[in-house]
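Inspection log for the structure reproduced underneath, given as structure tokens.
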Amino acid sequence: MAPPPALVRSARCLWHWQWLQLMNGLGPADAGGHYRRPAGAFAALPPLPGDADGPGSHVLIVGRSCPWAHRAWLVWCLRQLQSSIELVVVEPDPQAGRWRFSVPFDGCDTLAALYRRSGAAAAVRATVPALYSRSQNRILVSESARLIELLNRWPQSPGAAPLDLEPPGQAAATAHWREQLQHKVNDGVYRCGFARSQSAYDQAEAELFDTLQQADTTLATRPGSWLSGETLSLADVVLFPTLIRLEQVYGPLFGCSRVPLWQLPALWQWRARFHGLDGVQNTCWPEAWRRDYFGALFPLNPGGLVPAGPPLATLVQELPACADE
């Protein structure tokens, strides 16, 4: 027997109210229901440390599922900074809403404890990525946009092929794309998923796919090049972590699936080329992405079921010729 309509209406109202409370805890929003990413700690760009080239002098702390950490991990990988910067991967603790170390790190069991010890206020969320100085015993920077700039200036490992991800001839285009991508794509998928109102979602979703269409058009005009020009840049680095998660997470969970990426063929081919760069594959963990997003974001997925996703290999292969026609 179907439940009485009045009971259904009451249950819907109650669930919507509870959902709003849960979403308020997940991330702040303005009066129109637009998600606003909260400010973090250690956001300023620090000077290059004097001991930057010292073996193991610094530690880059990342999490497998976090796209903001992924961009720092990519710069560390592409510029081959392994000799001076150790990589530490923290694990999510969704029950407590925190990141924890698999083994204690300098006396800390959680990233939050390391944040507090480094001088962060107790109310500030401890997020990845974070760059830690062993000589100063503190976190230097955790804002990913600034961190990747610092890592791009970091002394490369002996024998590493020189790589500057801020090529001077592409500076204006790189800055333009980074600004567009940060709000409309990188944050844009979260603005879709964490929207509190239909209008907030509609605006974020439209801006997301308009920007992806612009990127596809730009790449199509010069095949084989990168987003801001002929040379790989930080613009490419900040786009890849979002785009590689699109079908795995953001499409099904955040409602970002209006345009399948194969309908943006230049962007699809760009993603495949980026994934094929040396070492990039080792930074991609689709099983962890799905487990952590679907398993941890309770307001968006109350049942906690982790759906199967397409094999990553099928998302980074060249499109057949007919798909480009």
Can you check whether [Y]'s main-chain N or O pairs, donor with acceptor, with [X]'s side chain at less than 3.5 Å?
X	Y	value
Arg134	Arg138	no
Arg245	Pro241	yes
Asn186	Thr242	no
Asp216	Ala266	yes
Tyr190	Val185	no
Tyr201	Gly255	yes
Trp76	Ile85	yes
Ser65	Asp292	no
Asp53	Pro155	no

Pairwise distance [atom1]([X]) to [atom2]([Y]) - rounded to 0.5 angstrom:
X	Y	atom1	atom2	value
Leu208	His183	CG	NE2	11.0 Å
Arg178	Leu239	CZ	CG	12.5 Å
Leu212	Gln263	CG	CD	12.5 Å

Check step by step if side chain to side chain donor-acceptor pair (under 3.5 Å) holds for Ser135 and Asp51.
-> CA-CA 8 Å; Ser135 62; Asp51 60 346; 3.0 Å; yes
Taking side chain as C-beta onward, heavy atoms only, is [X] less than 4.5 Å from [Y]?
X	Y	answer
His275	Gln281	yes
Leu60	Val88	no
Leu261	Leu243	yes
Pro67	Trp289	no
Leu319	Trp262	yes
His58	Leu140	yes
Trp177	Gln214	yes
Phe101	Ile61	yes

Show your reasoning for whether side chain to side chain donor-acceptor pair (under 3.5 Å) applies to Ser233 and Ser228.
-> CA-CA 7 Å; Ser233 77; Ser228 68; 3.0 Å; yes
Is there any side-chain hydrogen bond (donor to acceptor under 3.5 Å, both in side chains) pair reaching into residues 94-114, and which pairs are they, with sequence neighbours excluded?
->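 The answer is Asp93-Arg98, Asp106-Tyr132.
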If every non-hydrogen atom of [X] is compared with every non-hydrogen atom of [Y], which pair is closest and at what distance?
X	Y	value
His70	Phe240	CE1-CE2, 4.1 Å
Gln248	Phe294	O-CE1, 3.7 Å
Pro28	Pro38	CD-CD, 3.8 Å
Leu45	Arg146	CD1-O, 3.4 Å
Ala235	Leu181	O-CD1, 3.6 Å
Phe209	Arg258	CB-NH2, 3.4 Å

Option passing salt bridge (charged side-chain N to carboxylate O under 4.0 Å, His left out) with Asp30 (candidates Arg36, Arg37, Arg196) | Arg36
Are Val237 and Val128 connected, step by step, through hydrophobic side chains (Ile, Leu, Val, Met, Phe, Trp, Tyr) whose heavy atoms are closer than 4.5 Å?
->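 Different clusters: Val237 never reaches Val128 through Ile, Leu, Val, Met, Phe, Trp or Tyr contacts under 4.5 Å.
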hydrophobic_cluster_shared for Leu114 and Val90, side chain cutoff 4.5 Å =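 They do share one cluster, since a chain of ILVMFWY contacts under 4.5 Å joins Val90 to Leu114.
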Counting only heavy atoms not in [X], do more than 12 sit closer than 6.0 Å to its [atom1] atom?
X	atom1	value
Gln136	CD	yes
Asp278	CG	no
Arg116	CZ	yes

Report the relative orientation of the aromatic rings in Trp270 and Phe274; use parallel for angles under 30°, tilted for 30 to 60°, perpendicular for over 60°.
-> tilted
Does a side-chain N-to-carboxylate-O contact under 4.0 Å join Arg71 and Glu149?
->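 Not counted as a salt bridge, because no side-chain N and carboxylate O are separated by less than 4.0 Å.
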Would Glu205 and Arg191 pass as an ion pair if we require N to O under 4.0 Å?
->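 Salt bridge between Glu205 and Arg191, a charged N being under 4.0 Å from a carboxylate O: no.
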Under 3.5 Å, is there a donor-acceptor pair linking the side chains of Ser84 and Trp154?
->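 The criterion, which ignores hydrogens and geometry beyond distance, is satisfied for Trp154 and Ser84.
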Which is it for Asp202 and Gln198 under the side chain to side chain donor-acceptor pair (under 3.5 Å) test, yes or no, and what are the steps along the way?
-> CA-CA 6 Å; Asp202 290 344; Gln198 187 67 50; 2.9 Å; yes
For salt bridge (Lys or Arg N to Asp or Glu O under 4.0 Å), just list the numbers for Glu166 and Arg79, CA-CA rounded to whole Å, side-chain angles, deciding distance to a tenth of an Å, and then say yes or no.
-> CA-CA 12 Å; Glu166 294 185 277; Arg79 300 195 69 244; over 6 Å; no
Any chance you could lay out the side chain to side chain contact (heavy atoms under 4.5 Å, CB included) test for Cys77 and Asn282, step after step, and finish with the verdict?
-> CA-CA 9 Å; Cys77 170; Asn282 295 331; over 6 Å; no
Under the side-chain hydrogen bond (donor to acceptor under 3.5 Å, both in side chains) test, residues paired with Ser83 that sit two or more places apart =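 In terms of side-chain hydrogen bond (donor to acceptor under 3.5 Å, both in side chains), with neighbours along the sequence ignored, Ser83 is linked to Ser157.
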Who passes side-chain hydrogen bond (donor to acceptor under 3.5 Å, both in side chains) against Glu91, sequence neighbours left out?
-> Arg64
